[in-house]
Structure formats: structure tokens, C-alpha cells
Amino acid sequence: MMTFFSELKHNLIGELVLVADNDGLLRSSYLDAKNAPIMQQDWVHDSNHSILAQAICQLNEYLRGDRRNFSVPLQPRGTPFQLKVWNEIQNIPIGSTISYTDLAAKLRMPRAARSIASAIAQNPLLIFIPDHRVVNQDGTFGGFAGSWSRKPGLLELEGRPAKKGGAP
């Protein structure tokens, strides 16, 4: 199976690398994130690949404020627990946030807030799986991949002012 990649640069999010195969988007990661994918020698750079082109188009629309939902086929790879968390995160409407604790309760795992935070930290499809909508119980933002300003910036883009505070 061939793997394709492309990049997107935007002043709000910086550099994002997108990785896909013929079935769906596999990764969407900030290049400066600690878990950014390492480019493999056999990956093909192709921004015209149908899934990558669709993902880039939809991301640009989202970043302009013209798109509220993504329809790109996603192929996240993770443990069953991670997939359950990431699936639930996709149900958080644009302009809304949920706390780690409330997300744990929604998943019927009231004591799993830290495990959920760990699953979120492994999110392979940033923005497409909108983990930036998960915040601390007091509404401040928790950890986030790469540059700290992305999470409040994405929340503000979606019409939800982010509370100051939380981790630097």
C-alpha cells in the first residue's frame, strides 16, 4: 500500500503534515509536535492525491471560517480505547468545548480523565479529530501539541473564546 504526504502552512497553525493512503487520511500533525510523523523514504509527496487534496481544501475552508465539519475519510490507528475517545471527540460541535472530566463521564468512565488525556495526546489527526475542544474543568486549556497558541487560536476561530490560564 502506497503512503502519500503533503504539507499545509497557515499563520494560525504553522506547518501541518498530512499523510494518507488510498483509503483515508492517516495523520495530520504539526511538524513541531513531539509525535510528528517521521517521513519515510517510500512515502510519495503528492498534494494532488485525492484524499490529500480534499483534506487540504477542507482545512483551508475551515481556517477561513467557511467550514464547520470535515468529510474527509479518516483512518486513525490506535488502541480500542484511543479509538473510542477520538470517536467521541468528533461529536463535540464546533464552537463548543468539553472538559476531560465531562468527556470521561460521557464515555461512562468517570475515573478515566487522565487516561483520556493520554489518548488525546496521541491523536493522529489533529484538527480533523478536534481535541482542541477538550479543556480543563475550569475552562482553561490543557496541553496541546506543538505551539501553545494553536489551541486558543482554533477555539477563537470557532467562535469560542478560550479562557486564559492552564499550562503555559
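Any value given below was found using the heavy atoms of this structure, including those in side chains, with hydrogens, waters and symmetry copies removed. Because the structure is a prediction, the values reported are computed rather than measured. When a residue number appears, it is its place in the shown sequence, counting from 1.
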So [Y] and [X], do their side chains get closer than 4.5 Å, heavy atoms only?
| X | Y | result |
| --- | --- | --- |
| S6 | D46 | no |
| L25 | P73 | no |
| L107 | I116 | yes |
| L59 | I13 | no |
| M39 | H45 | no |
| I127 | L154 | yes |
| P130 | I89 | yes |

Closest heavy-atom contact between [X] and [Y]?
| X | Y | value |
| --- | --- | --- |
| I129 | L74 | CG1-CD1, 4.4 Å |
| Q58 | V72 | OE1-CG2, 3.3 Å |
| F81 | A119 | CE2-CB, 4.0 Å |
| K151 | H132 | CE-O, 3.2 Å |
| P76 | L83 | O-CD2, 3.6 Å |
| I51 | D21 | CD1-O, 3.4 Å |

Exercise for the section: Report whether I56 and L63 are members of the same hydrophobic cluster (ILVMFWY, side-chain heavy atoms less than 4.5 Å apart, transitive linking). Expected result: yes
Problem - Shared hydrophobic cluster, L8 / L12 (ILVMFWY, side-chain heavy atoms < 4.5 Å) - result: yes
Reported [atom1]-to-[atom2] distance for the pair [X] and [Y], which is rounded to 0.5 angstrom:
| X | Y | atom1 | atom2 | answer |
| --- | --- | --- | --- | --- |
| I98 | L103 | CD1 | CG | 5.0 Å |
| N87 | Q82 | CG | CD | 13.5 Å |
| S118 | Y100 | OG | OH | 10.0 Å |
| L16 | K9 | CG | NZ | 12.0 Å |
| L26 | L18 | CG | CG | 10.5 Å |
| F5 | S47 | CZ | OG | 10.0 Å |

Practice task
Consider only side-chain N and O atoms of N22 and H49, and report whether a donor and an acceptor are under 3.5 Å apart.
Solution key: yes
Handout entry: Short side-chain donor-acceptor distance under 3.5 Å, T3 and Q40
Key = no
Exercise for the section: Check the pair V19, W43 against side chain to side chain contact (heavy atoms under 4.5 Å, CB included), reporting the backbone distance first and the verdict last. Expected result: CA-CA 9 Å; V19 181; W43 288 8; 3.7 Å; yes
Does any N or O in the side chain of [X] come within less than 3.5 Å of the main-chain N or O of [Y], such that one atom is a donor and the other an acceptor?
| X | Y | result |
| --- | --- | --- |
| D131 | V134 | no |
| E7 | E15 | no |
| D23 | Q75 | no |

Practice task
Please report the C-alpha distance between E158 and R133 in whole Å, then the side-chain angles of each, then the deciding distance to 0.1 Å, and finally whether the salt bridge (charged side-chain N to carboxylate O under 4.0 Å, His left out) criterion is met.
Solution key: CA-CA 10 Å; E158 295 179 354; R133 297 179 190 154; 2.9 Å; yes
Exercise for the section: Take M109 and K84 through the test side chain to side chain contact (heavy atoms under 4.5 Å, CB included) and record every step on the way to the result. Expected result: CA-CA 11 Å; M109 301 175 179; K84 184 175 183 176; 3.5 Å; yes
Practice task
Using the six-membered ring of Y30, assess whether NZ or CZ of R150 lies under 6.0 Å from its centre and within 45 degrees of the ring axis.
Solution key: yes
Handout entry: Passing option when F128 is tested against F70, W86, Y62 for ring pair (Phe, Tyr, Trp, His ring centres under 6.0 Å)
Key = F70
Handout entry: R64, CZ atom: more than 12 neighbouring heavy atoms under 6.0 Å
Key = yes
Exercise for the section: Quickly, which of V85, I92, N91 forms a side chain to side chain contact (heavy atoms under 4.5 Å, CB included) with E88? Name it, please. Expected result: N91
